[in-house]
2 protein chains.
Amino acid sequence: MTASQSQLRADAQENRARVLAVARELFAERGLDVPMAAIARRAGVGVATLYRRFPTKESLVVEAFTEQFAHCRAVIEEALLDEDPWRGFCTVIQNVCLMQATDRGFTAAFVSTFPELHSEVRDRTWEGFAALVERAKESGQLRADFSPHDLTLVLLANSGLAGVPVEVAVSASQRLVAYLLEAFRAGTDALPPPVPLSLDLVLR
Amino acid sequence: MTASQSQLRADAQENRARVLAVARELFAERGLDVPMAAIARRAGVGVATLYRRFPTKESLVVEAFTEQFAHCRAVIEEALLDEDPWRGFCTVIQNVCLMQATDRGFTAAFVSTFPELHSEVRDRTWEGFAALVERAKESGQLRADFSPHDLTLVLLANSGLAGVPVEVAVSASQRLVAYLLEAFRAGTDALPPPVPLSLDLVLR
DNA sequence: TGGTAAGTGGAGACCCCCGTCCACTTGGCT
DNA sequence: AGCCAAGTGGACGGGGGTCTCCACTTACCA
């Protein structure tokens with residue numbers, strides 16, 4: 001525990017943790033637009049407490065989702081270690097899409113918190129994925145005209161499922177991903193040129 | 001012009017038309033959550049005028065999008081007449097997705113206005129599409145395990161592109177659709193079972 | 001056990017939205 | 001020209017959101 005954590009009084013620390021847990025729950029269930037008051041109520045604290053620990057709603061969102069973002073990066077790193085490039089590629093897409101489908105706030109959080117905060121981290125992640133794509137192409141399993149920007153395309157498309165109930169969203173996402181992966185496989189017809197969908201576009 | 005139209009005074013009629021035009025513009029540009037006040041301002045009228053012609057925001061939305069919905073139905077009807085079932089199938093998906101990508105409010109309007117209002121029309125449209133799917137399967141061009149519910153899947157996925165600028169959304173949508181159509185083509189690997197995504201799911 | 005700084009909760013300031021009300025204006029018929 | 005129903009706009013009520021302020025409570029240490 002760093003100083004900033006342990007300097008809090010015991011009860012305060014516990015409250016902070018509970019708020020964070022509740023926030024993650026509610027963001028996942030209902031998306032990012034749950035009122036701060038709802039989080040406070042469910043956590044059994046007043047709004048003021050909440051705002052003391054997290055000066056703004058966005059800061060709460062960032063904190064609530066950092067571990068998920070870390071998991072994302074980890075998934076890519078791990079996939080780069082897979083001896084089968086295609087399997088690594090598929091794993092990344094499947095995992096990220098599953099996270100997106102499971103957690104309703106995920107995409108919105110990704111979009112609204114990444115912009116400035118973690119730009120270098122973001123770039124590293126992006127490069128990691130680009131490398132993964134390159135490997136998969138070289139192995140001849142990924143179609144040559146696949147663009148790394150197509151990851152953004154997949155993410156956006158998959159985020160469209162956020163509106164339906166979670167269990168449905170998960171199955172739907174799996175089917176969508178299965179369709180897309182099939183289309184990404186090498187040896188099919190030519191496509192219209194890749195769309196330069198940089199992540200910045202997703203970020204407003 | 002029916003009675004309800006011509007009974008309006010000339011200036012009122014003009015105002016009504018301008019409001020409708022502006023509403024369509026703004027809904028397309030910014031989605032359904034543009035404030036009524038913004039529409040009124042851009043149309044050069046007060047909010048009261050707007051509310052007199054359209055008693056509720058939803059009614060304005062419905063009116064603003066009816067022609068697009070009609071166009072949707074027309075697209076399906078026409079596709080059923082195409083001698084090439086696969087081409088008909090592709091046309092439907094391409095056209096609807098294009099409409100969705102072009103008009104930011106389209107999906108939300110579709111979702112929020114269809115529920116009760118046009119249930120029989122909706123069912124007819126749905127049956128039309130199901131017939132289209134059946135034909136395309138029989139001709140051997142559409143994979144046998146494609147489910148009509150997959151249309152909803154495509155619509156949801158495509159709606160995820162609504163966030164990016166329109167020109168980008170259009171190219172992105174085209175590429176997404178191209179990928180998906182390729183995956184829908186007969187003669188590929190088996191998929192996980194279809195997800196029963198009824199339209200009602202999209203409609204909240 | 002008592003003092004004190006840290007922590008707390010709820011009221012409310014501020015803002016943005018939908019939809020209404022009402023005093024004023026104006027088109028169109030006679 | 002003059003009348004009046006039809007039409008109009010802006011102020012306002014009501015609701016819901018984020019975030020602040022401040023009088024009160026409580027953990028912790030001596």
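Keep in mind that this is a model prediction, so the values were computed, not measured. In what follows, chains carry the letters A, B, and so on, assigned in the order in which the sequence lines appear, proteins first and then strands, with residues in each chain numbered from 1.
- A donor-acceptor distance shorter than 3.5 angstrom exists from the side chain of B:Arg104 to the backbone of B:Gly163, with no hydrogens or angles considered.
- The aromatic ring centroids of B:Phe184 and A:Tyr179 lie less than 6.0 Å from each other.
- Here B:Glu25 pairs with B:Arg42 in a salt bridge; the nearest charged N to carboxylate O distance falls below 4.0 Å.
- Look at B:Arg143 and A:Glu182 and you find a salt bridge, because one of the NZ, NE, NH1 or NH2 atoms lies within 4.0 Å of a carboxylate O, short of that distance.
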Short N/O separations, protein against nucleotides 28-30 of chain D, under 3.5 angstrom:
residue, atom, partner, partner atom, Å
D:dC28, OP1, A:Ala10, N, 3.1

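- Among the nucleotides D:dC19, D:dA11, C:dG7, the one closest to the side chain of B:Val47 is D:dA11.
- One can place CD of A:Glu14 at 14 Å from P of C:dG7, the figure rounded to the nearest angstrom.
- The side chain of B:Met36 approaches C:dC18 more closely than any other nucleotide in the set C:dC18, C:dG9, D:dG10.
- Following rounding to the nearest Å, A:Leu50 (CG) and C:dG10 (C1') show an atom-to-atom distance of 14 Å.
- Residue A:Arg53 places at least one side-chain N or O under 4.0 Å from the OP1 or OP2 atom of C:dT8.
- Within the 4.0 Å cut-off from OP1 or OP2 of C:dT8, at least one side-chain nitrogen or oxygen of A:Asn15 is found.
- For A:Lys57, whose side chain is taken as the heavy atoms from C-beta onward, the closest listed nucleotide among D:dT18, D:dG10, C:dC17 is D:dT18.
- Look at CZ on A:Arg30: it is 14 Å from C1' on D:dG16, rounded to the nearest Å.
- Rounded to whole Å, atom P of C:dA5 lies 16 Å from atom CD of A:Gln7.
- A close approach under 4.0 Å does occur between a side-chain nitrogen or oxygen of B:Tyr51 and OP1 or OP2 of C:dG19.
- Between A:Asp33 atom CG and C:dC17 atom C1' the separation is 15 Å, expressed in whole Å.
- In this structure, B:Arg41 places its CZ atom 12 Å from C1' of C:dC16, rounding to the nearest Å.
- Proximity of the aromatic rings of A:Phe89 and A:Phe146 is defined here by a centroid distance below 6.0 angstrom, and this criterion is met.
- For A:Gly44 and B:Val34, each mapped to the nucleotide of DNA chain C holding its nearest heavy atom, the one lying further toward the 5' end belongs to A:Gly44.
- The nucleotide whose nearest atom lies closest to any side-chain atom of B:Ala48 is, among D:dT18, D:dG9, C:dC18, D:dG9.
- Proximity of A:Thr49 to the phosphate of C:dG7: no side-chain N or O atom is located under 4.0 Å from OP1 or OP2.
- Nucleotide C:dG19 holds its C1' atom 14 Å from the CD atom of B:Glu58, rounded to whole Å.
- Side-chain atoms of B:Asn158 and B:Ser173 form a donor-acceptor pair, as typed in the model, at a separation below 3.5 Å.
- How far CD1 of A:Ile39 is from CZ of A:Phe54: 9.5 Å, rounded to the nearest 0.5 Å.
- A donor-acceptor contact under 3.5 angstrom links the side chains of A:Gln100 and A:Thr107, judged on distance only.
- Closest contact between the side chain of B:Thr56 and the listed nucleotides C:dG19, C:dT8, D:dT20 involves C:dG19.
- Between B:Leu32 atom CG and C:dC18 atom P the separation is 10 Å, expressed in whole Å.
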